[in-house]
Structures are given as C-alpha cells and as structure tokens.
Chemist: 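Got a structure for you, written out below as structure tokens; questions coming shortly.
So that the names make sense, note that chain A is the first sequence line, chain B the second, and so on, each numbered from 1. In this text the structure is predicted, and so the values were computed from the model without any measurement.
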Number of protein chains: 2
Amino acid sequence: MKSETRQEEIIRVAAKLFKEKGYSAVTMRDLAKVMGIKAASLYNHIKSKQDILKTIIISLAEEFTEGMQLIQSSNDNCIDKLNKIIELHVKISSQNIYGMASLNNDWMHLEEKLGYYQKLRSDYENDFRSILNAGIASGEIVNVKPDVMMFSILTTLRSLYIWIPKKDDIDLNDLTNTLSHILINGINK
Amino acid sequence: MKSETRQEEIIRVAAKLFKEKGYSAVTMRDLAKVMGIKAASLYNHIKSKQDILKTIIISLAEEFTEGMQLIQSSNDNCIDKLNKIIELHVKISSQNIYGMASLNNDWMHLEEKLGYYQKLRSDYENDFRSILNAGIASGEIVNVKPDVMMFSILTTLRSLYIWIPKKDDIDLNDLTNTLSHILINGINK
DNA sequence: AAACGAAACTAACAGTTGTTAGTTAACATG
DNA sequence: CATGTTAACTAACAACTGTTAGTTTCGTTT
C-alpha cells in the first residue's frame, strides 16, 4: 500500500470541495485552508487550479472508456453487457465519489482538454447505443426508442455518486444486482 | 399574452447563462453584456445576483411541490400516480429548461433560502417514497428496495432538462409515454 | 412647457481571485 | 559538516468580483 503523495492529497481534497460547492466557487485559499497551508504553497505541488480539474476529470473519463472497450469487445449478449456496464459504474463511482461530481458538473470548465473530454464521452455513448441497438435487433430487449432507454439508464448510473454516500453500510454487489433488476425489468409486478 | 418585464427578461437570460457555466462562474458583467447594458444597470431591475438564483430555484421547487400535493391527494393507484409524476416532470422541465439546471446544480448557493429549499425537496421525496411503499404493500409493484427505485426514477426525471434540448421536434406526450413504459416496465423483452 | 419616472449611464469602492517571486526552515544525502 | 531538496512561508501583482452613488437621457403625463 504505497502512501499518497502531497500532490495526490491536494487533488483528493480539491475533488471533495468541488463536489460540495462546484469548481468555480472553490478558491485556492479555500483549498489551502483545508490542507492547512497557505494558498501559494499549493503551487509547490500543482501547476494550476485548472490542472487539478483536468486531472480529476480526464483520468475518470479514461477509466470509463477503457471499461467500455473491454465490455464492447466481449462476446456477451446485450443484457450481460448492460449488467457489466452497471457494474462498471458502481465500481468507479463508489471509488471516486468526489471526482464523479466534477465529471458530471464541471466538465465545461476544462478549457484546453474540453474537446478531448467530449470525444471520450460521445464515444462512450455511441458504444452504449450500439449495444442497445444490437439487443433490439436480436430481440433481446424491447423496441422502444433506444435514445430514451440510454438516457434513462445512463443518467441513473451517472448520478450514483450522489446517492451512494447517502447510504452507509451499502453492499456494492447488492446495489449492482438491484440496479440491474430495476433498470432492466422495471418495477411493475 | 402579456409581455415579459425587463426583470423577467434578466432572470430568463441569467438562467440560461447559469445552465451553461454554473451560477458561480457567471458574473454580473457577463449577464449585462448579453442583455446589452452595463452591469450597474441590472440593479435598476433586480436586487442582487443571489436574488436571481433564489427566484429561479424557489419558484420551480414550489411548482413541483404543488404538483406532488395534487397527485398524492388523488385516489389513483400507485402506477397512475407514478405516471402523473412523470407527466409533471416532463411538463415543468420542458417549460423551464434553463431553470432546471440551477435547481439541480446550484441549490447549494441559495444561502438564506437553502433551508426552505431543502425542506421542499425532502417533502417531495417523502411523498414519492410513500407512493412507492403503498404500491409495494398493495402488490402493484415489485418489492425490491424502494430507495433504489426512487433514486433511479427520480434521477432520470430530474435530468430531463439535459436531454430534452438535444432532441428537436420532440413530442412531449410521446416522451411521457415512452418514459412511463421504460421506467415502469423496464427494457427486457 | 414643466415635471416625472424609468432605465440607462460613468465612476468608483472594497474585497477577492489565481498566481508569481523570493525567502526560510527542516531534513536527507554526499 | 557541507550541500541540496522539499515544502512551507511572506509579500505582492493585476485582474476581476458584486454592488453603490450619483448623473443623464428620453418618452409620458400633467
């Protein structure tokens, strides 16, 4: 278990603050105060405020991209792929509660890396869409507006970072299974 | 059709900017520039930046509260109530695309009205939860973790403001029906 | 014509913003 | 012991923040 560098600590604390108030509302002096140092001292470890945000968001986005590539290139059927996507989101979200808030809410402040982020996101959504379309074609899932299906499922998964922390002592396997059931079979008896 | 006051116009434009960049990242000079006037002139029409946010969020939150009260006091069964909730969200969200972004992302900057907003929101969620619990008790819907069910449905509905504008020429009745089908019956064939 | 109100303006404020430069103290390495 | 590195510090910057005060412009009402 190699311990956290000071830089990693700053980024972790920043992500927490970004989640609570949003990127723009967090000042370098806020961040410094929580770290117990002066704002100027932060710059011994990080390049800029921008760069903290970039690090948080891009690393997460790439993690999702890699996970999706693995899933899509497998030989699973549609439902199994969807279950793996749910599992992927539960895993990454539960391990990056704070970072997920920036990914969802502060991506528009990325500046130079904005285009790259947007490409990753649209690639991800295209992969998702093609899984659904394959499922419709094979008769595995119902044929009703894949766009709405994707919006509904993906929105739920993207918001896990809000919901997970509200439940303490949550079992992640349990959550994955429950989500899988609800998202795929609905709530009707 | 009574036309918009200058104050209402400012609030509408502000909501649009808040959606694009978030409340904290929008300056009064940004807002003034879009309005075609100087920042100081805004104060002939509005009290403060804070007050713009408060107006946007509280009026929307109250609209949801009123809608929910009507639904909950009806004699409908659980599924019908859920369908009315879906309809409520589609209606309010489609009519307040920009304001919904503030409601979802900038409520933490409300300051004095924060407590009131949080009360409205938790009342709304409690009503939602009790509808689900009644549905489980009566055997209308499946008995799997109402909290996860609520999270999934409510998250999807709360994010409609992101998704609706991406689709032009969308039929709102159509959307309501499709959402109802997907959220209640799932996607499994 | 005179007075009024609405809505714009200019100028300025006090505080905050991200960031840089230069310095110092503690500690590890030669 | 001397040296170098790390990570903190103080001081300062230029730009930007929300907001106020006081003034001007102009169409409407008396």
Chemist: Can you confirm whether Met100(B) sits close enough to Leu160(B) that some side-chain heavy atom of one is under 4.5 Å from a side-chain heavy atom of the other?
Modeler: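 A side-chain contact under 4.5 Å is absent here.
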
Chemist: For a side chain to side chain contact (heavy atoms under 4.5 Å, CB included) with Ile187(A), tell me which candidate from Val148(B), Ile136(B), Asn143(B), Ile153(B) qualifies.
Modeler: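 Checked Val148(B), Ile136(B), Asn143(B), Ile153(B) against Ile187(A); only one passes side chain to side chain contact (heavy atoms under 4.5 Å, CB included): Ile153(B).
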
Chemist: Looking at Tyr161(A), Tyr124(A), Trp163(A), which one forms a ring-ring contact (aromatic ring centres under 6.0 Å, His included) with His89(A)?
Modeler: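 Output: one option passes, namely Tyr124(A).
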
Chemist: Check whether any side-chain heavy atom of Glu87(B) sits under 4.5 Å from a side-chain heavy atom of Asn173(B), and report yes or no.
Modeler: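 Side chain of Glu87(B) against side chain of Asn173(B), heavy atoms only: no contact under 4.5 Å found.
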
Chemist: Would Lys113(B) count as a cation-pi partner of Tyr117(B), with NZ or CZ less than 6.0 Å from the six-membered ring centre and within 45° of the ring normal?
Modeler: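 No - Lys113(B) does not lie over the ring of Tyr117(B) by the 6.0 Å and 45° rule.
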
Chemist: Within 45° of the ring axis of Tyr23(A) and under 6.0 Å from its six-membered ring centre, is that where the NZ or CZ of Lys49(A) lies?
Modeler: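 Verdict for Tyr23(A): a cation-pi partner in Lys49(A).
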
Chemist: Apply the test side-chain hydrogen bond (donor to acceptor under 3.5 Å, both in side chains) to residues Thr155(A) and Thr155(B): give CA-CA distance (whole Å), side-chain angles for both, the deciding distance (0.1 Å), then the verdict.
Modeler: CA-CA 7 Å; Thr155(A) 292; Thr155(B) 293; over 6 Å; no

Chemist: Using the side chain to side chain contact (heavy atoms under 4.5 Å, CB included) definition, which of the options Thr178(B), Leu179(B), Asn185(B) pairs with His181(B)?
Modeler: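 With His181(B) as partner, side chain to side chain contact (heavy atoms under 4.5 Å, CB included) holds for just one option, Asn185(B).
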
Chemist: Find the distance Glu111(A):CD to dG18(C):C1' and express it as a whole number of Å.
Modeler: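 Answer to the nearest Å: 12 Å.
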
Chemist: Taking all heavy atoms of Ile79(A) and all of Ile141(A), pick out the closest pair and write down the distance.
Modeler: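 Looking at all heavy atoms of both residues, the closest pair is CD1-CG2, 3.8 Å.
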
Chemist: At the 4.0 Å heavy-atom cut-off to chain B, mark where contacts on DNA chain D begin and end, going 5' to 3'.
Modeler: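 Span of nucleotides near chain B: dT17(D) to dA21(D).
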
Chemist: Counting only N and O atoms by type, is there a donor-acceptor contact under 3.5 Å from the side chain of Ser180(A) to the main-chain atoms of Thr176(A)?
Modeler: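 A pair under 3.5 Å: no.
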
Chemist: Under 4.0 Å between any heavy atoms, over every strand shown, what does Arg6(A) touch: base, sugar-phosphate, or nothing? Just pick one.
Modeler: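 Sugar-phosphate, no base atom in range.
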
Chemist: In this structure, how many angstroms lie between the C1' atom of dT17(C) and the NE2 atom of His109(A), rounded?
Modeler: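 From His109(A) NE2 to dT17(C) C1': 15 Å.
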
Chemist: Show me the protein contacts with nucleotides 24-28 of chain C, counting only N or O atoms at under 3.5 Å.
Modeler:
none

Chemist: Listed in order of residue number, which residues of residues 35-48 of chain A have a non-hydrogen atom at under 4.0 Å from DNA chain D?
Modeler: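 DNA chain D contact set from residues 35-48 of chain A: Ile37(A), Lys38(A), Ala40(A), Ser41(A), Asn44(A), His45(A).
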
